[in-house]
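A quick write-up on the structure given underneath.
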Amino acid sequence: MTAIALPPDTAAAPAAARPPVPPGSVGYVSPQFLSFDEPLTLASGQVLPSYTLAVETYGQLNDQRSNAVLVCHALNASHHVAGMDAEHPEQIGWWDNMVGPGKAVDTDRFFVIGINNLGSCFGSTGPTTINPDTGRPWGASFPLLTVEDWVHAQARVADHFGIERFAAVMGGSLGGMQALSWAITCPERVGDCVVVASTARLTAQNIAFNEVARRAILTDPDFRGGDYGDQGVVPVNGLSVARMVGHITYQSDEVMASKFGRAQRAPGPTGDYRYNYDVEFEVESYLRHQGEKFSRYFDANTYLLLTRALDYFDPARAHGGDLARALSPAQARFLLVSFSTDWRFAPEHSREIVRALLKNQREVTYAEIDAPHGHDAFLLGDVRYHAIVQGYYDQIARRLDLGERRQTTGVLA
Amino acid sequence: MKPAAALADTAPLAPAGAPGLPSDAPPRIDLLRIASWIAPGSRVLDLGCADGHLLAYLQQTRQVTGAGVEIDDQRVIAAVRRGVRVIQQNLEEGLALFGDQQFDTVVLSQTLQSMHHTEHILREMARVARYGIVSFPNFGYWPHGWSILRGRMPVNDQMPYQWYDTPNIHLCTLRDFQLLAGQLGLRITHLATFRGETEIHWLRGWRSMLAVYRFESPLGRQG
């Protein structure tokens with residue numbers, strides 16, 4: 001394993017030009033890139049001879065190395081969990097409202113690690129990076145991955161920092177699956193497991209949505225069998241449609257209705273319809289915008305790979321569908337949170353996990369937040385949700401003797 | 001129905017200001033009695049656990065492994081802040097999250113009278129734990145009868161509601177409860193009755209405002 005040094009300060013935006021750091025922010029952050037040369041055997045049987053992971057950390061690892069929290073990301077996010085990117089200050093971490101000094105996951109006391117998943121496209125080894133055997137991007141030949149593969153890849157990051165046991169492993173949605181998998185795969189390395197808006201297995205409907213997204217990409221003429229990178233094209237339309245479908249499932253009917261209703265984008269002089277297939281309604285404009293934006297920064301092969309990993313996740317599969325048996329190795333305490341209007345991973349998904357953990361006599365806390373925002377709620381600033389997470393982490397800090405909270409910032413300030 | 005005997009195990013309880021409850025008032029007398037009926041180190045489920053004060057007290061003084069059930073957001077948050085395990089759900093939906101005989105004792109404190117599905121929750125309690133503890137206001141308290149004779153529904157400290165805004169939809173007397181318990185196969189092991197902070201030992205059916213029963217589940221007896 002070799003750590004590549006951080007980019008020199010000169011590479012970052014000059015300090016004078018940077019916006020000031022808001023209270024509760026971890027400030028300006030840069031990723032580090034950790035390379036691992038020991039081969040990684042994947043669930044598929046394929047072997048990755050070496051790999052690199054993009055990693056960001058916030059706060060200080062204490063001398064006992066007992067205060068580390070691993071935050072796992074969902075489909076389209078990255079290692080950039082909190083703070084402002086040193087080179088692109090406008091890029092705020094995806095869970096910045098949750099992680100920072102004085103926030104629910106308090107970096108005054110916890111050392112927080114964000115890792116870009118193996119196979120993703122924000123600096124970790126994946127379809128867009130060079131295959132050392134061919135000297136060309138992996139593209140479609142990059143091996144398919146499972147959530148368990150991610151856990152094994154991430155465990156080496158823990159080893160790198162000398163962390164034997166995380167104070168907590170945490171994630172929402174696909175990140176929650178990773179947290180759950182950590183508790184099963186490396187039970188002695190997880191003190192507390194925080195699983196938000198997640199599931200122990202996708203339903204047929206979930207898989208169906210993923211399949212629609214994948215078909216959109218795979219049938220785009222610019223996909224070129226996955227080797228679009230070599231040919232200088234991007235399956236923009238496929239990626240856009242994939243994102244549009246996904247985006248619909250992240251929001252509740254209620255939120256879409258209140259945001260857009262049936263508002264027309266540019267109605268005729270008397271409010272007439274335009275009688276064509278251009279953008280007629282605001283919601284169409286919004287979805288197209290989201291889709292186009294996504295297609296500019298996200299890699300199509302990565303999207304295929306990540307959605308497939310979601311489909312495959314099913315720890316109970318090897319135990320005749322018995323989730324309690326699948327979870328029986330887990331030693332962690334658990335916090336599960338779901339949101340009433342999340343129809344992608346509805347509360348029943350979380351309840352199933354709670355039921356299995358209770359059956360195993362594990363310590364479990366479960367909050368079901370009555371919030372209108374659908375699946376996206378796990379990224380938003382619902383006060384009750386943040387209060388639960390804050391209270392839970394403060395208890396972890398108390399048990400580990402990390403001291404009392406010095407400040408409260410962000411959503412709960 | 002035989003009268004329930006006083007409990008032999010009346011281990012002294014920690015005084016006010018016990019560890020874990022530094023800023024709290026001491027538990028009420030009925031909660032102290034409930035605590036005394038719970039074996040040290042056992043597994044306890046507290047239904048309608050509010051801010052988790054009873055469980056926190058039991059964790060501190062009797063080293064129980066506890067979990068609470070609560071529906072209210074603010075109470076769930078308060079329980080989490082205390083370090084109490086809490087499951088957020090509506091008790092009216094039953095206890096499907098919990099397996100058969102998963103706990104040693106299940107507690108339902110001053111909630112039974114406001115539940116729609118009274119029999120169902122009692123059956124569920126007997127399913128998930130060997131022992132159940134329920135407390136409820138005693139409608140047989142004699143001033144209630146006096147109030148009704150004067151033409152008004154009773155209102156007092158234990159039931160501080162008017163008839164039109166009360167959550168108490170299933171009020172009963174001690175004997176009423178004992179009859180239902182018998183029908184459900186619940187063997188009553190203990191009864192304690194109170195008026196305010198005073199324990200009532202004689203003519204309790206008339207003189208007490210709050211009844212606390214402990215019963216054994218038919219499932220527990222088989223085990």
Review point. Based on non-hydrogen pairs under 4.5 Å, which of A:V364, A:D370, A:V354 is most in contact with chain B?
Key: A:V364
Exercise for review: Considering only heavy atoms, give the residues of residues 92-104 of chain B separated from chain A by less than 4.5 Å, sorted numerically, with 'none' for an empty result.
Suggested key: B:A96, B:L97, B:F98, B:Q102
Check your understanding: Which answer fits B:Q89, side chain, backbone, both or neither, if we ask what part of it has an atom under 4.5 Å from a heavy atom of chain A?
Key -> neither
Revision key, fill the gap. Looking only at B:R81, B:R85, B:Q88, the option with the highest number of non-hydrogen pairs under 4.5 Å against chain A is B:R85
Review point. If you count the non-hydrogen atoms of other residues, nucleotides and ligands that lie under 6.0 Å from CG in B:N90, is the total more than 12?
Key: yes
Revision key, fill the gap. Which of B:V80, B:V86, B:D73 passes side chain to side chain contact (heavy atoms under 4.5 Å, CB included) with A:I388? Answer is B:V80
Check your understanding: Got a second to check how far B:D72's CG is from A:R384's CZ, nearest 0.5 Å?
Key -> 10.5 Å
Review point. Where along residues 163-182 of chain A does a heavy atom come under 4.5 Å of chain B, listed by residue number?
Key: none
Exercise for review: Output the residues of residues 392-408 of chain A for which the shortest heavy-atom distance to chain B is under 4.5 Å, in residue-number order; output 'none' if no such residue exists.
Suggested key: A:Y392, A:Q395, A:R398, A:R399
Point to revise | Atom pair CD1 (B:I77) and CD (A:Q390), whose distance is rounded to the nearest 0.5 Å | key: 9.5 Å
Check your understanding: Hey, what do you get for CD1 (B:I71) to CD (A:E368), rounding to the nearest 0.5 Å?
Key -> 7.5 Å
Point to revise | Residues of residues 319-352 of chain A contacting chain B, heavy-atom criterion under 4.5 Å, by residue number | key: A:R333, A:F334, A:R351
